[in-house]
Amino acid sequence: MQAQFNVQIGSFRKINKIPNAWSNEDYLQLMAIMGLDDGLEGMEATELREMCMMSLNDLEANEAAKIVLTHLFSELTEGKIDQLSNDMIGDRMWEEYSDCLLHEGFFSAYALLREAFNGVFAEPTGVEFMVNVTATDAAELTIFDESLHASMVRLLASGLSPDALLHRLYEDQITGTQFPEALGILWKLELVSSEGLSRQFKMVSSDFWFGKLANVEQFEASAHADESDENE
């Protein structure tokens, strides 16, 4: 059953990196992959980061990409990482890679590598925005409790033109009962406030999916939650 909402787009800005995407532990692990992790205990966070960036820069761009991808994607084979590390320099994997569940990782990889190499890699393009969702009945808001990402992607799809990439690539999931790819489309999604029939959400995604919403103030939308798998 489709729930009906009024959606208002609040603050909307373009971003080229996700805040706090890289932690001290990430830098330590990158240094370990490069075999440079001796004597790093107790190092100040800023110094550790600078050392990691300089160590990456000492490598060829594709070799540095291989280090970063090895850290990020344990699910990929070494051969696949070799291929991707060469392809990254000319491509935009945070948009183009076939499995969107890896797009956020690629986005952060490009942000780090572009800084380390003062360019070379494409600048990642993302969006951070606020959405105010208002229902006519409190029961309709429960879709966000049942499957937050899937429900929100379906909701935002209502604000895009029918020929938008999201519709062309995922129309079956938008209209269907399962949308596992939604987690790869909305990278960050948090509830900011809830009052009465309204909820406010903050989210981060790719400009590839939702850049067009920068010119949208509000729209009427319908959405539904994923259906639970009775076999689970």
Side-chain angles (χ1 to χ4, degrees), residues 14-23 26-27 29-30 33-34 52-53 56 59-129 147-150 152-154 156-157 160-161 163-176 178-189 203-214 226:
K14 300 292 182 70
I15 60 172
N16 55 26
K17 62 182 178 180
I18 299 173
N20 304 314
W22 293 94
S23 67
D26 289 314
Y27 296 129
Q29 291 181 21
L30 288 170
I33 295 172
M34 289 184 279
C52 184
M53 299 296 274
L56 288 169
L59 302 171
E60 294 294 327
N62 65 309
E63 287 299 316
K66 182 178 178 179
I67 297 294
V68 174
L69 296 185
T70 297
H71 168 62
L72 288 172
F73 302 129
S74 60
E75 63 269 44
L76 298 181
T77 65
E78 184 177 352
K80 187 65 175 178
I81 286 176
D82 280 340
Q83 175 195 333
L84 290 169
S85 64
N86 286 293
D87 292 344
M88 275 184 71
I89 296 175
D91 293 340
R92 299 162 64 90
M93 293 298 176
W94 75 92
E95 296 177 351
E96 299 170 4
Y97 192 66
S98 58
D99 184 355
C100 72
L101 294 174
L102 303 189
H103 283 188
E104 180 183 356
F106 278 116
F107 184 91
S108 291
Y110 274 88
L112 186 76
L113 289 164
R114 181 176 173 81
E115 183 176 351
F117 284 86
N118 192 28
V120 179
F121 294 87
E123 182 176 24
T125 51
V127 291
E128 179 183 84
F129 57 106
S147 52
L148 178 57
H149 282 74
M152 183 57 69
V153 173
R154 292 183 178 115
L156 295 174
L160 299 172
S161 65
D163 64 345
L165 282 167
L166 189 64
H167 285 287
R168 283 189 275 158
L169 295 176
Y170 294 110
E171 191 62 26
D172 288 345
Q173 290 88 334
I174 291 170
T175 59
Q178 298 294 324
F179 200 165
E181 297 88 352
L183 286 167
I185 293 171
L186 280 177
W187 301 336
K188 306 294 181 187
L189 175 55
M203 58 202 75
V204 173
S205 182
S206 173
D207 182 72
F208 184 69
W209 300 121
F210 297 119
K212 297 295 185 184
L213 291 180
D226 281 353

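Note that the coordinates shown come from a computational prediction; the quantities given were computed from them, not determined experimentally.
- Taking CG of Leu113 as the reference point, atom CG of Asn118 lies at 13.0 Å (rounded to 0.5 Å).
- Considering NE2 of His103 and OG of Ser206, their distance stands at 8.0 Å, rounded to 0.5 Å.
- Here the CD1-CG distance, from Ile15 to Asp207, works out to 10.0 Å after rounding to the nearest 0.5 Å.
- Taking CE of Met88 as the reference point, atom CG of Asn62 lies at 11.0 Å (rounded to 0.5 Å).
- Counting only distance, with no hydrogens or angles, the side chain of Ser147 and the backbone of Asp226 share a donor-acceptor pair below 3.5 Å.
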Self-check item: Verdict with reasoning, Asp87 to Arg92, per salt bridge (Lys or Arg N to Asp or Glu O under 4.0 Å)
Solution: CA-CA 9 Å; Asp87 292 344; Arg92 299 162 64 90; over 6 Å; no
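- The closest side-chain heavy-atom distance from Phe210 to Leu186 is below 4.5 Å.
- When every heavy atom of Leu72 is checked against every heavy atom of Gly105, the shortest pair comes out as CD1-O, 3.4 Å.
- When side chains are defined from C-beta on, Val68 counts as touching Leu112, because their heavy atoms get closer than 4.5 Å.
- Note that CE of Met203 is 5.0 Å distant from CG of Leu189, once rounded to the nearest 0.5 Å.
- Residues Gln173 and Gln178 have side chains that never bring a donor and an acceptor to within less than 3.5 angstrom of each other.
- Inter-residue side-chain proximity for Ile185 and Cys100 is flagged as met; some heavy-atom pair is nearer than 4.5 Å.
- Within a 6.0 Å sphere centred on CD of Glu75, other residues, nucleotides and ligands contribute more than 12 heavy atoms.
- With hydrogens and angles ignored, the 3.5 Å screen pairs a side-chain donor or acceptor of Arg114 with a backbone N or O of Phe121.
- Residues meeting the side chain to side chain donor-acceptor pair (under 3.5 Å) test with Ser161, sequence neighbours left out: Asp163.
- The aromatic rings of Trp94 and Tyr110 lie perpendicular to each other, with more than 60° between the two planes, well past the 30° mark.
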Side chain to side chain contact (heavy atoms under 4.5 Å, CB included) for Glu95 and Thr125? Distances and angles first, verdict last. CA-CA 9 Å; Glu95 296 177 351; Thr125 51; 3.5 Å; yes
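- Atom OG1 in Thr77 sits 7.5 Å away from atom NZ in Lys80 (nearest 0.5 Å).
- Partner Phe107 forms a ring-ring contact (aromatic ring centres under 6.0 Å, His included) with one of Trp22, Tyr97, Trp187 and no other, that one being Trp187.
- Residues passing the side chain to side chain contact (heavy atoms under 4.5 Å, CB included) test with Leu101 are Asp99, Leu183, sequence neighbours excluded.
- Residues Met34 and Leu59 have side chains in contact (heavy-atom distance under 4.5 Å, counting atoms from C-beta outward).
- Side chains of Leu166 and Phe208 form no contact here, defined as non-hydrogen atoms less than 4.5 Å apart.
- The side-chain heavy atoms of Val153 and Phe179, taken from C-beta on, include a pair separated by under 4.5 Å.
- With sequence neighbours left out, the salt bridge (charged side-chain N to carboxylate O under 4.0 Å, His left out) criterion links Lys188 to Glu104.
- Within the 4.5 Å cutoff, side-chain heavy atoms of Leu84 are placed close to those of Phe106.
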